[in-house]
Every structure is written in structure tokens, then in C-alpha cells.
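The next block holds one structure in the form of C-alpha cells; read it before the comments.
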Amino acid sequence: HEIIEANPRLRQVTIFDENLYKDREKVMELGKFIREDSKLGLSKTSFFGFGTIEDLSKYDLEELVLAGSSSIWIGVESMYSDMPKRQGKSVEATFADLHAHGITTIGSWIGGWDYHTPENIHEDLDQFIKLRPTQSQLLPLTPIPGTPLWERKVKGDPQRYFGKSDGSDAEGKFAPG
């Protein structure tokens with residue numbers, strides 16, 4: 001309450017929990033707290049959190065609105081992905097339903113997966129853009145030392161993948177293939 005009182009223009013809080021929506025009881029409890037608290041209330045306070053298609057598919061979106069969820073970051077990664085976090089309702093239906101209920105979205109997409117080719121990467125990105133996320137994060141897949149991706153793509157010749165340290169040869173370095 002001290003934070004709300006000290007910052008009367010504060011309208012949204014961020015909850016840094018990668019699996020926030022996995023715990024339905026926690027989300028509903030948070031919503032009840034916001035709704036029933038005399039200094040908060042849905043007309044004054046909402047929250048932003050991270051969600052997956054898998055977890056969000058388990059909710060009636062009216063529940064999320066009543067819980068105070070106003071914005072959700074969803075790691076789409078790729079429209080071709082079959083990651084477990086992408087199971088459930090379709091990505092397209094999830095984004096459309098969230099927007100129809102007034103919940104804004106941040107969608108993240110990553111280019112450069114093993115299944116990306118010069119022929120399909122633009123199609124994948126175009127499908128992501130058609131989701132019309134309120135905000136987007138677009139990133140190249142980045143190998144980290146010690147991971148299988150590093151071993152396959154970079155080990156032995158990091159300059160081939162990352163280019164020169166001055167960036168003079170960066171054009172095309174993140175092209176798939």
C-alpha cells in the first residue's frame with residue numbers, strides 16, 4: 001500500500017514470474033486481493049505478467065480480466081515451434097481473445113532456429129506479425145558457450161557466426177542456414 005499511496009498515478013504493477021499463469025490459485029488470489037482492497041481495486045490497479053499459450057489456454061479470459069491482468073508477455077518464439085508451452089488453444093486465437101478482452105500483449109519471436117530456412121523465415125515472421133501483438137520483441141537465436149547450439153554453430157570459429165568485433169562484416173550474419 002505504501003507504494004500505491006506514494007505513487008498515486010501508478011496503474012500497473014509488473015510481476016516477474018515466468019510461470020505466473022501456471023498457478024491458477026495464485027492468480028485468482030491476486031485478483032481477489034486487488035478487487036477487494038479499498039486502496040487498490042480494478043479501477044485503479046492492474047498487473048502485467050508473463051504467460052504461455054499452454055497456461056493461458058486453461059483460463060476463461062473473463063477470469064483474467066477480473067483478476068486484474070491487463071498485459072501479458074507471451075514468448076511465441078516461432079510460429080513453427082512445437083514447444084510444450086505452445087500447446088493448447090491456437091496462438092492466433094489466444095492473441096485475438098486477449099485483445100478482444102482488452103488485455104494488451106507483448107509477443108516475442110526468435111529467428112534462426114534449425115528449422116528456419118531462407119525460404120520460410122520471412123513467412124514465419126509474417127505469421128507472427130499477423131498476431132498483432134501490442135508490442136513485439138524480435139531477436140536472433142543466440143548461441144551461448146557450452147550449449148549444443150554453440151557446439152553446432154559456433155565452436156572453433158566464433159567469428160564466422162558473430163562477425164568481426166567492429167561489426168564491419170555483420171550483414172547477413174544472422175541469416176538462417
Side-chain angles (χ1 to χ4, degrees), residues 12 14-24 26-27 47-65 67 69-164 167 169-177:
Q12 184 183 64
T14 300
I15 300 174
F16 284 100
D17 179 346
E18 280 280 322
N19 297 309
L20 173 66
Y21 293 96
K22 189 172 286 307
D23 188 341
R24 178 187 200 82
K26 180 169 45 174
V27 172
F47 67 90
F48 161 81
F50 300 89
T52 65
I53 299 297
E54 178 184 34
D55 294 338
L56 295 171
S57 294
K58 298 172 185 171
Y59 288 87
D60 173 336
L61 292 185
E62 284 296 320
E63 293 176 304
L64 294 182
V65 171
S69 181
S70 60
S71 187
I72 301 174
W73 185 310
I74 302 171
V76 174
E77 317 314 1
S78 166
M79 298 301 287
Y80 298 141
S81 171
D82 62 356
M83 294 176 181
K85 69 180 193 169
R86 289 277 313 275
Q87 306 305 308
K89 286 174 35 180
S90 76
V91 177
E92 296 84 354
T94 301
F95 272 77
D97 289 348
L98 289 166
H99 296 155
H101 283 83
I103 299 174
T104 62
T105 56
I106 299 175
S108 59
W109 179 89
I110 299 173
W113 296 100
D114 286 344
Y115 47 78
H116 279 144
T117 66
E119 294 77 31
N120 74 12
I121 194 166
H122 296 290
E123 178 183 308
D124 189 18
L125 181 56
D126 288 345
Q127 289 178 26
F128 171 77
I129 291 168
K130 288 178 184 173
L131 298 173
R132 302 186 56 82
T134 311
Q135 297 180 50
S136 299
Q137 179 189 51
L138 309 175
L139 298 167
L141 184 64
T142 304
I144 306 299
T147 64
L149 182 63
W150 178 272
E151 295 297 317
R152 282 195 325 273
K153 300 225 179 222
V154 181
K155 189 175 180 180
D157 191 7
Q159 186 172 332
R160 182 173 152 254
Y161 188 83
F162 291 107
K164 295 179 182 173
D169 65 345
E171 186 174 330
K173 286 296 179 192
F174 293 108

Got a donor-acceptor contact below 3.5 angstrom from the Q127 side chain to the D124 backbone? no
Donor-acceptor contact present, side-chain E123 to main-chain E119, <3.5 Å: no
Check ion pair K26-D17 (N to O, under 4.0 angstrom): yes
If you count every heavy atom of other residues, nucleotides or ligands that lies below 6.0 Å from H101 atom NE2, does the total exceed 12? yes
Is the shortest heavy-atom distance from the side chain of W109 to the side chain of S136 under 4.5 Å? no
Between Y21 and Y59 (side chain of the first, backbone of the second, donor and acceptor by atom type, cut-off under 3.5 Å), is there such a pair? no
Steps toward side chain to side chain contact (heavy atoms under 4.5 Å, CB included) verdict (N19, D23): CA-CA 7 Å; N19 297 309; D23 188 341; over 6 Å; no
Pair S69, F47 - check side chain to side chain contact (heavy atoms under 4.5 Å, CB included), show working. CA-CA 5 Å; S69 181; F47 67 90; 3.8 Å; yes
Please work out which of the three classes, parallel, tilted or perpendicular, describes the rings of Y115 and Y80, given edges at 30° and 60°. perpendicular
Pair listing, salt bridge (charged side-chain N to carboxylate O under 4.0 Å, His left out) test, anchored in residues 127-141, at least two apart: none
Which distance, rounded to the nearest 0.5 Å, do you find between the CD1 of I110 and the OG1 of T142? 8.0 Å
Quick one: pull up CE in M79 and CZ in F128 and give me the separation to the nearest 0.5 Å. 8.5 Å
Examine distances only and state if a side-chain atom of R24 and a backbone atom of D55 form a donor-acceptor pair shorter than 3.5 Å. no
Donor-acceptor pair, distance only, cut-off 3.5 Å: does the side chain of T147 make one with the backbone of I144? yes
Aromatic plane relationship, H99 with F95 - under 30° parallel, 30 to 60° tilted, over 60° perpendicular: perpendicular
Spell out, as yes or no, whether a donor-acceptor pair under 3.5 Å connects the side chain of T134 to the backbone of T104. no
What salt bridge (charged side-chain N to carboxylate O under 4.0 Å, His left out) pairs are there with at least one residue in residues 83-99, not counting sequence neighbours? E77-K85, K89-D97
Will you find, in the side chains of E54 and T52, an N or O donor that is under 3.5 Å from an N or O acceptor? no
Nearest 0.5 Å please: distance from the CD1 atom of I74 over to the OG1 atom of T105. 6.5 Å
If you take all heavy atoms of L131 and V91, which pair is closest and at what distance? CD1-CG1, 3.6 Å
